[in-house]
Amino acid sequence: MKNHFLYMAVAFAIAAAGVYWLMLPVEKEDGSIAADLPGSAIAQDDNSEELDISSVVEMALGPEEAAVTIYEYASFTCPHCADFHKNQYRDLKRDYIDTGKIRFIYRDVYFDRFGLWASMVARCDGERRFFAIADMIYQRQREWIGDGTDPLEIANSLRTIGKVAGLEEDRLETCLSDVNHARTLVAWYEKNREEHDISSTPSLIVNGKKYSNMQYSELKAIIDDLLEQ
């Protein structure tokens, strides 16, 4: 329940103030910067040149020429997203993605810095392991978020997940300390959020039409109707 309240509070703050505070460093109790946390140097980086978000890889499954394309907008810290991936996504993958009937594209939503860190871990080995690592992050969501009050513990828990998933320690640390990549991901998210008017997660864009979270039977009916057209 604490995780749910944390998520809702952060989501409200993001909606009201934007996502720029994601880039602020985390301070320790003595006021010093926690240099061992992901993105700790971002706020000290005054490079203001425009970021090229075309470098961000779309995490997709299924043929590009599929008649139905689904975008899922989700946050790794969202409990409803974890439920979606445990249930609806599992069935969607079995019935439509693995059979090549649809194109499925996962897009990160950053309602908090922890979701950004989780994304940096999931994306660390590119497309090759993204969905496997993402599944692990969702499955262990309660475990790595904890009560949501200790950034260092959360970062270390995400590191552990990355290592269990097969990421080498040096590679993992390089991914988590990549300031430019973190900035680029946030800029990419902002563009996507504005394009599809994303204010909650999970949100689904099915052939250009936005839907909120729904039961699998409802989603299946929408997909089947489009496939029959």
Inspect the contact between D91 and R94 and indicate whether a charged nitrogen and a carboxylate oxygen are less than 4.0 angstrom apart.
-> yes
What ring-ring contact (aromatic ring centres under 6.0 Å, His included) pairs are there with at least one residue in residues 138-162, not counting sequence neighbours?
-> F76-Y138, H85-Y138
Check the surroundings of atom CD in Q229: do more than 12 heavy atoms from other residues, nucleotides or ligands lie under 6.0 Å from it?
-> yes
Would you call the rings of Y106 and F131 parallel, tilted or perpendicular, where under 30° means parallel and over 60° means perpendicular?
-> perpendicular
Tell me, do E127 and E58 make a side-chain contact under 4.5 Å, heavy atoms counted?
-> no
Can Y96 and L227 be said to form a side-chain contact (heavy atoms from CB on, under 4.5 Å), step by step?
-> CA-CA 11 Å; Y96 296 100; L227 290 175; 3.9 Å; yes
Does the distance from a Lys or Arg side-chain N to an Asp or Glu carboxylate O, for K210 and D197, drop under 4.0 Å?
-> yes
Quick one: are L226 and I222 in side-chain contact, heavy atoms under 4.5 Å?
-> yes
Hey, could you give me the CG/OG1 distance between L167 and T174, rounded to the nearest 0.5 Å?
-> 11.0 Å
CG (D170) with more than 12 external heavy atoms under 6.0 Å | no
G162 and V121 have their tightest heavy-atom pair at CA-CG1, 4.0 Å
Taking the side chain as every heavy atom from C-beta outward, state whether N192 and I198 have any atom pair closer than 4.5 Å.
-> no
Keeping the roles fixed (side chain from R140, backbone from S157), state whether a donor-acceptor pair exists under 3.5 Å.
-> no
Minimum heavy-atom separation for M120 to C175, with atom names?
-> CE-O, 3.2 Å
Look at the side chain of S119 and the backbone N and O of G115, then say whether any donor-acceptor pair between them is shorter than 3.5 Å.
-> no
Looking at A118 and I137, what are the two nearest heavy atoms and their distance?
-> O-CD1, 3.5 Å
Do R171 side-chain atoms and D125 backbone N/O form a donor-acceptor pair below 3.5 Å?
-> no
Residue pair N207 / T69, side-chain heavy-atom distance below 4.5 Å = yes
When rounded to the nearest 0.5 angstrom, what distance separates CG in L61 from CG in L92?
-> 10.0 Å
Inter-residue atom distance E143.CD - I154.CD1, 0.5 Å rounding = 12.0 Å
Non-hydrogen side-chain atoms of Y71 and S203 separated by less than 4.5 Å = no
Check the angle between the aromatic planes of Y189 and F111 and answer parallel, tilted or perpendicular using the 30° and 60° thresholds.
-> perpendicular
Any side-chain donor paired with an acceptor under 3.5 Å for H196 and Y73?
-> yes
R159/E169 ion pair, N-O < 4.0 Å = no
Please lay out, stage by stage, how I70 and I223 fare under the test side-chain contact (heavy atoms from CB on, under 4.5 Å).
-> CA-CA 9 Å; I70 297 178; I223 296 172; 3.6 Å; yes
Student check: side-chain heavy atoms of T201 and F84 closer than 4.5 Å = no
Donor-acceptor under 3.5 Å (Q141 side chain, C78 main chain) | yes
Got a second to check how far D224's CG is from L219's CG, nearest 0.5 Å?
-> 9.5 Å
R103 side-chain N/O to G62 backbone N/O, donor-acceptor pair under 3.5 Å = yes
N180 versus R183, side-chain donor and acceptor atoms under 3.5 Å = no
Any chance CD of Q215 has more than 12 other-residue heavy atoms, nucleotides or ligands included, within less than 6.0 Å?
-> no
To the nearest 0.5 Å, what is the distance between CG (D108) and CE (M59)?
-> 8.0 Å
Examine distances only and state if a side-chain atom of R129 and a backbone atom of G166 form a donor-acceptor pair shorter than 3.5 Å.
-> yes
On a heavy-atom basis, the closest approach of I133 and A122 is CG2-CA, 3.6 Å
Please report the C-alpha distance between I145 and F114 in whole Å, then the side-chain angles of each, then the deciding distance to 0.1 Å, and finally whether the side-chain contact (heavy atoms from CB on, under 4.5 Å) criterion is met.
-> CA-CA 8 Å; I145 291 179; F114 306 141; 5.7 Å; no
Side-chain heavy atoms of I97 within contact of Y89, under 4.5 Å | yes
Gap separating the CG atom of L158 from the CE atom of M136, nearest 0.5 angstrom = 12.0 Å
Taking the side chain as C-beta and beyond, is there a heavy-atom pair between E190 and Y110 under 4.5 Å?
-> no
